[in-house]
Amino acid sequence: MARPTVGAFYNPHLGKALAEATGIDHLAMADPPRADDPWWPRIKERYTLLLHDYLGQLSEPLDERSIQRARSLAALYETPWVAEHFQCLHTEDGRYNINYVFPPLYTEEFLERFVRNASALKARLDQPLVMENIPGFFDVNASQMPEPAWLRRFFEATETGFLLDLPHVWLEAHYRRMKPESWLAEFPLERVVEIHVAGVEEDEDLRGPWISPAEPSDEMLGFAAHAVTRCPGVKAVTFDAFSPGLTADVLCRSVDRIRAAL
Amino acid sequence: VSDRAVQDEVIRALADAPYRASNEWRSRGLAERERLERFARFLARHFYYERVVHFFKYSRALARVTGRRPEAALRPPGFDALFPTMVLGSRATAVAIAQLVTEYVRDGATEQVPYLDDLLRYEKAMMVVEAGPRTWRDSVNGDKGVVRGAWDLPVTVEGTVLLDLAYDLPAVLPKLLQPWTEVPEAPARSARLLVARSAHGRVAVARSSGAVEQVLELADGRRTIEDLAAQTGMAPGQLEDTLRGLVEVGAVRFSTGS
């Protein structure tokens, strides 16, 4: 197995540091660069860029405008794959929107919707599509199967790649009072193309840990090292943090520590 | 009930506090109440933190002289007092949150920023205009934009705002986001700005003009373009340009008359 590349997210306020950094192999792009970002040309020239924008929620078909936007960003970044999330965060009529990644019900109907709409998107892209798992803070009593089983069936039906967000798995295990390694083993790891690693911190509103733009703990790094050994096809490991409050020190040190842990 | 409809109920429960407290929702038994409440509180703070950081970015840039970072207003007791009535994305909640932030930042008023009141009104208007339901996906037939027929009637979009300012803020706003040592000055001359939002949620600001104001006042969804031309006295080319500009910023749309 080739060693995965280790990278981070493009953070516009850290343009200079990213343009000059060493030890970062790739950058994931959550938002397009501003037209006046003076560091963008150097960043584009030196990094492999991974498209990781919000393209749309695949519980519904993407409209032509969203598909063209995805194609255009993919071409701009020359991305090796295009990422989207297993999320359903606004109502079908557009009236309610929680503006934060939120998983769909794990049911046959939603499986059929996501398979159909992801397949349609995949057919319109020139690059492979990868899909990222999203954590649930609570169970909805309408789901019909466990998340890992739903994901396995999705990947079998679409032959898309799996972007494994490791803190998401860790959090779900925490709130289920399970060992993270045991919960991870349920997922279709043979489909993993990219892994996200990040820090978690105590959140006052949740009264428990949640994803944070912080350095990963030693425990999370150990979990990442374990996950990489279980994902034979993983090509990239990304420090998953983008926030105006993130510092260059935290970003670079996190990438170094991830690399050392793998 | 489809699974998609059930998902919508859950999303609504997370976004809409009065619905979350209703018997209608509670009787559904779809989620553990206490867990859902905690997650809803987390989402609410996240939702408005993002918006306050974005829309109040100029006040944020001035925090080193006002001592007031706008997002710091999203703390107890003010934020928590609003939580039981919040509906994420609604105009009413946007008004309440923006007011909370405005009052907090205004407490840091200093002679160094004589235009702070104007700035806060501007930022509040941006945040409030952005609120409301939006179109997430284009229809199969696409957006009509400025393409129209004789049966199409221009209508001013609800929520569009005209803002009268004592200072010419557009002249100073870009400077606030650049490095500065002395607080950038705003010219003390009045300005009238149009703040509008596209159906997809993009907020735009433009300098207003007499022509713009006339069209906004008359475009009620009942008058035709010919009516507007007759009542404003504009030449067809000027009216066409004005309407095109207003449609582009989201201040006017065309409705199809019966």
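Numbered from 1 within each chain, the chains take letters A, B, ... in sequence-line order.
Under the 4.5 Å side-chain criterion, counting only non-hydrogen atoms from C-beta, Gln7(B) is not in contact with Glu92(A). Residues Ile11(B) and His90(A) are not in side-chain contact: their nearest non-hydrogen atoms beyond the backbone lie 4.5 Å or more apart. Side-chain contact between Leu105(A) and Val6(B) is present, with heavy atoms from C-beta onward closer than 4.5 Å. Pro104(A) places none of its side-chain heavy atoms less than 4.5 Å from the side chain of Arg4(B).
Inspection of non-hydrogen atoms places Pro133(B), Arg134(B) of residues 126-134 of chain B under 4.5 Å from chain A. At a heavy-atom separation below 4.5 angstrom, chain A is approached by Arg51(B) within residues 51-82 of chain B. Identified by a heavy-atom distance below 4.5 Å to chain A, the contributing residues of residues 20-48 of chain B are Gly29(B), Leu30(B), Ala31(B), Glu34(B), Arg35(B), Leu36(B), Arg38(B), Phe39(B), Arg41(B), Phe42(B), Leu43(B), Arg45(B), His46(B), Phe47(B), in residue-number order. Contact residues of residues 106-118 of chain A toward chain B are Thr107(A), Glu109(A), Phe110(A), Arg113(A) (heavy-atom distance under 4.5 Å).
Neither the backbone nor the side chain of Glu204(A) has a heavy atom closer than 4.5 Å to any heavy atom of chain B. With a threshold of 4.5 angstrom between heavy atoms, Glu9(B) does not approach chain A through any atom at all. Proximity to chain B (any heavy atom under 4.5 Å) is restricted, for Asp203(A), to the side chain, taken from C-beta onward. Only the side chain of Gln57(A) comes within less than 4.5 Å of a heavy atom of chain B; its backbone N, CA, C and O stay farther away. Neither the backbone nor the side chain of Ser90(B) has a heavy atom closer than 4.5 Å to any heavy atom of chain A.
Between Gly94(A) and Trp136(B), the shortest heavy-atom distance links the atoms CA-CD1, 3.6 Å. When all heavy atoms are compared, the tightest approach of Ile98(A) to Leu14(B) is CG2-CB, 3.9 Å.
Other residues, nucleotides and ligands contribute more than 12 heavy atoms inside 6.0 Å of the CD atom of Glu202(A). No more than 12 heavy atoms of other residues, nucleotides or ligands shown are found within 6.0 angstrom of CD on Glu185(B).
Summarising the geometry, atom CG belonging to Leu88(B) is positioned 10.5 Å from atom OH belonging to Tyr96(A); distances are rounded to the nearest 0.5 Å. In this structure, Ser59(A) OG and Asp3(B) CG are separated by 12.0 Å, a value rounded to the nearest 0.5 Å.
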